[in-house]
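Please read these numbers as outputs of a predicted model, since none were measured by experiment. Residue numbering restarts at 1 for every chain, and letters A, B, ... go by the order of the sequence lines.
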There are 2 protein chains.
Amino acid sequence: MSGVTIYEVARAAGVSPSTVSNYLNGRPGRMLPGTRKRVEDAIAQLGYRPNRAARQLRTGRILVVGLVVPSVANPFWGTFARHFEGAALAHGYRVLLCNSERDPDREREYIEELWDDGIRGIVLCSSLPSLGHVQSFVDDGLALVGFDRTAQAGDAASLVNISIDNVVGAQLAARHLLELGHRRLAFVSGSLASVNRTERFRGFTAALEEHGLTSQDTLVWSGARSGSGAPEDYGDLDASGLGRTAARELLASDVPPTGIIAINDMCALGVCAGIRDAGLRVGQDVSVVGFDDIVLADLAAPPLTTVRQPLEEMAAMAFAQLRQRLDGDGPTAGQSLLVRPELVVRDSTAPPPPNTTDRH
Amino acid sequence: MSGVTIYEVARAAGVSPSTVSNYLNGRPGRMLPGTRKRVEDAIAQLGYRPNRAARQLRTGRILVVGLVVPSVANPFWGTFARHFEGAALAHGYRVLLCNSERDPDREREYIEELWDDGIRGIVLCSSLPSLGHVQSFVDDGLALVGFDRTAQAGDAASLVNISIDNVVGAQLAARHLLELGHRRLAFVSGSLASVNRTERFRGFTAALEEHGLTSQDTLVWSGARSGSGAPEDYGDLDASGLGRTAARELLASDVPPTGIIAINDMCALGVCAGIRDAGLRVGQDVSVVGFDDIVLADLAAPPLTTVRQPLEEMAAMAFAQLRQRLDGDGPTAGQSLLVRPELVVRDSTAPPPPNTTDRH
DNA sequence: CTCTGTTAGTGCATCGATTTACTATCGCCA
DNA sequence: TGGCGATAGTAAATCGATGCACTAACAGAG
């Protein structure tokens, strides 16, 4: 019924509520074995379950953490959320999940809600350069872990971030294409106003420079170009649509790229679709590299070459960091924990077709 | 801060806590405009936020509902979860999300946790034939809405279920292949021990019968066949892997199918990969139909013919039903609400190659 | 026999908001 | 002037669990 209280248990066991409470809170040694047995029996017989609201009110503690992701409809975030939940559950925590759609206002609103719920630990998957909109909560004692972003100037001193090494990852991707012989490369992304996108772009250009190429040899397609005036429209909601549009437009240009690096796998799959729309073949005619290595990357036709993020491991790291801060043990200085990316080569990349190679 | 209580607000405004509470709970008419203003100012100035644990303890109410899905790593469930969250949020509710991995024990454990949290409304996405493992909570007053299943004999009288019409959906899929001229069809699924899978299989066979075909003309591949003894191993975790294996095995048989119906899109994408593994072309050599119409269906190469589930609408229905039961208004008789499926024809289906058509 | 220390267990204030039952004040009419 | 009925606002009990401060009982030391 849920109507069973600690008082009824106490009466049934012939002890005081304090004793039942002692039993429940890891102090069973404070009573004689006989007493303990009576308490146990009473609890079992009445089907007693402590009221969490009352407990939380009294102790201020709650074993729930918050997870704010852009959108769980995106398989990348869905997979991350599931792994994160697994990690939390293994430590007795539950997870309250929120989809922000990458909207800073929603991020803040959600964090307000979580705060009001008494939740004091949150993993925020936001690649916004500034977390200023959330700063006040951190000042008030919120344990915050950033995910999919790296430390930025102006961040709270205590903020940790977990992220793949975007620069290296994008570098791996670009080098791979360059080593295959590609010289006209494109970088496809939504708005660049996010930490990981800028970093990936930096890795991309770094690799180009290694090969003596300049920005003149590259094309960049970001949502902003579409001229819609609302670059943020291209978010996780429709990364694939973005990629598809981008590919069509890029391939229609005078000197189309032979290799395309997409900001993530969903976008890359869209790019692949766009390439086919243009009557070209992925791999043979145009190479595509994605980012993330979601399950679908391996299922696509052709299977997608991509930069892998070890999500399960990263989810465990995020939870561990969060917990450390919640428990107040261990160092809590702010930093970025960068995970090493790995290039997974599949069939969406190949040497460029001969006639385009020497065109440069 | 969070340390601001209703007492401090009351003191700052020069009123009693009761008055502040009246103001907060939609009874601002119970005070003079001047008083109300002072209360408002005090709240704003102190940054007061009501303590939800205290409120919940007192009222027994909590604006959180539970959502138990197999795995949010699966884009279908991720998409559903996001839409459901949107619907809940629009009505002032938040969502506690749980991944059951289709494990009845985890389903029950999660529901216990949610119950202990004071949550009294849950949408359970379980296609288990029996919800007996959860019955006791319903008896105690839990508002439960089943999703992705239909009413079964033995269900609690008050249980509503929201589901696509699986029989009709599978029928649409099978008819489509039959009308294209296919005569050797296969049905690929994990364990058949779930409501929607049996229903889809029923629709499949019904369509075959319409065309005068018997079960001899069909192949069924379900996880159980693999002989691992653990059919449940094939769940949402690896629907695509399942499909891939299935396709390979089916195509290696003496009389391979020319058309394959997969239990869902992830599985279908796996089937497509398996077809390519076998050196055949999807569409031209072997037709494939999926189920769900996830975003990726349209991005695949070739784009996947599939039976669409209008997830946003279904999520809204699920929340509406849940709320109706929570608020205790409206009829609460148990039933199944079936949503009409729609066949989306794309390029993964085509007439069978000539040499196989007449083989039958 | 008293004093100290230990064990076993209890009483009660407390967390913060809600809500019922109540009081005080005022207007108005007979 | 007395009394009725609103209106404005308050006092205090309450939700259920916790944990500090306390007591009772008893063993052992001096």
Side-chain angles (χ1 to χ4, degrees), chain A residues 1-43 46-64 115-120 140-141, chain B residues 1-43 46-64 115-120 140-141:
Chain A
M1 215 49 77
S2 117
V4 182
T5 74
I6 201 171
Y7 294 93
E8 304 175 46
V9 174
R11 187 168 337 124
V15 298
S16 75
S18 311
T19 298
V20 180
S21 175
N22 279 333
Y23 173 78
L24 291 171
N25 290 281
R27 291 179 280 277
R30 292 219 178 279
M31 65 202 72
L32 296 176
T35 310
R36 172 169 33 206
K37 178 86 168 60
R38 270 154 44 225
V39 171
E40 277 166 356
D41 290 348
I43 288 176
L46 297 174
Y48 169 69
R49 316 195 65 112
N51 179 314
R52 290 221 175 111
R55 181 176 275 179
Q56 187 194 341
L57 174 61
R58 186 66 240 256
T59 66
R61 236 177 295 282
I62 176 179
L63 295 182
V64 177
W115 179 267
D116 287 351
D117 282 338
I119 291 171
R120 292 295 175 267
D140 288 349
Chain B
M1 218 51 75
S2 118
V4 182
T5 72
I6 202 171
Y7 295 93
E8 303 175 48
V9 173
R11 187 167 337 121
V15 299
S16 76
S18 313
T19 299
V20 180
S21 177
N22 279 331
Y23 172 79
L24 290 171
N25 291 282
R27 290 178 279 279
R30 293 218 176 282
M31 66 203 69
L32 295 176
T35 310
R36 174 169 33 204
K37 179 86 168 58
R38 272 151 47 223
V39 171
E40 277 166 359
D41 290 350
I43 288 175
L46 296 174
Y48 169 70
R49 317 196 61 116
N51 179 315
R52 290 225 174 111
R55 180 176 275 182
Q56 187 194 341
L57 174 59
R58 186 64 239 255
T59 66
R61 237 177 296 282
I62 177 180
L63 294 182
V64 178
W115 178 266
D116 286 352
D117 283 338
I119 290 171
R120 292 296 175 267
D140 288 350

Distance in angstrom units between B:R11 CZ and C:dG16 C1', rounded: 14 Å
Any side-chain heavy-atom pair of B:Y23 and B:V15 under 4.5 Å: no
Shortest side-chain distance from A:L32, nucleotide among C:dG9, D:dT18, C:dA17: C:dG9
Along DNA chain D (nearest heavy atom to each residue), the more 5'-positioned of A:L24 and B:S16: B:S16
Side-chain N,O (B:R55) to OP1/OP2 (C:dT18) below 4.0 Å: yes
Phosphate-side-chain proximity, A:N25 and D:dT18, N/O vs OP1/OP2 below 4.0 Å: yes
Non-hydrogen side-chain atoms of A:Y48 and A:E8 separated by less than 4.5 Å: no
Separation of atom CZ in A:R30 from atom C1' in D:dG19, rounded to whole Å: 11 Å
Between D:dA17 (C1') and B:R58 (CZ): distance, integer Å: 16 Å
Protein-nucleotide distance (B:N51, atom CG; D:dG16, atom C1'), rounded to Å: 14 Å
Distance below 4.0 Å between B:T19 side-chain N/O and D:dT10 OP1 or OP2: yes
pair A:V9-A:V4: side-chain heavy atoms closer than 4.5 Å: yes
Of the listed nucleotides D:dA17, D:dG9, C:dG16, the one nearest the side chain of B:T35: D:dG9
Among D:dT18, C:dA17, D:dT10, the nucleotide that comes nearest once only the side chain of A:S21 is considered: D:dT18
For atom CD1 of B:I6 and atom C1' of C:dT19, their distance in whole Å: 11 Å
Pairwise distance CD1(A:I6) to CD1(A:I43) - rounded to 0.5 angstrom: 8.0 Å
Interatomic distance, B:R36 CZ vs D:dT7 P [rounded to whole Å]: 14 Å
N or O in side chain of B:Y48 less than 4.0 angstrom from C:dA17 OP1/OP2: yes
Distance, nearest 0.5 Å, that separates CG of A:N51 from CD of A:Q56: 10.0 Å
Rounded distance in Å - OH (A:Y23) to P (D:dA17): 15 Å
OP1 or OP2 of D:dC15 under 4.0 Å from side-chain N/O of A:Y7: no
Toward the 5' end of DNA chain D, by each residue's nearest nucleotide, A:A54 or B:R38: B:R38
Length of the CZ-C1' vector between A:R52 and C:dG16, whole Å: 20 Å
Touch class at under 4.0 angstrom, heavy-atom based, for B:V20 against every strand present: nothing
B:S18 vs C:dT19: side-chain N/O to OP1/OP2 distance below 4.0 Å: no
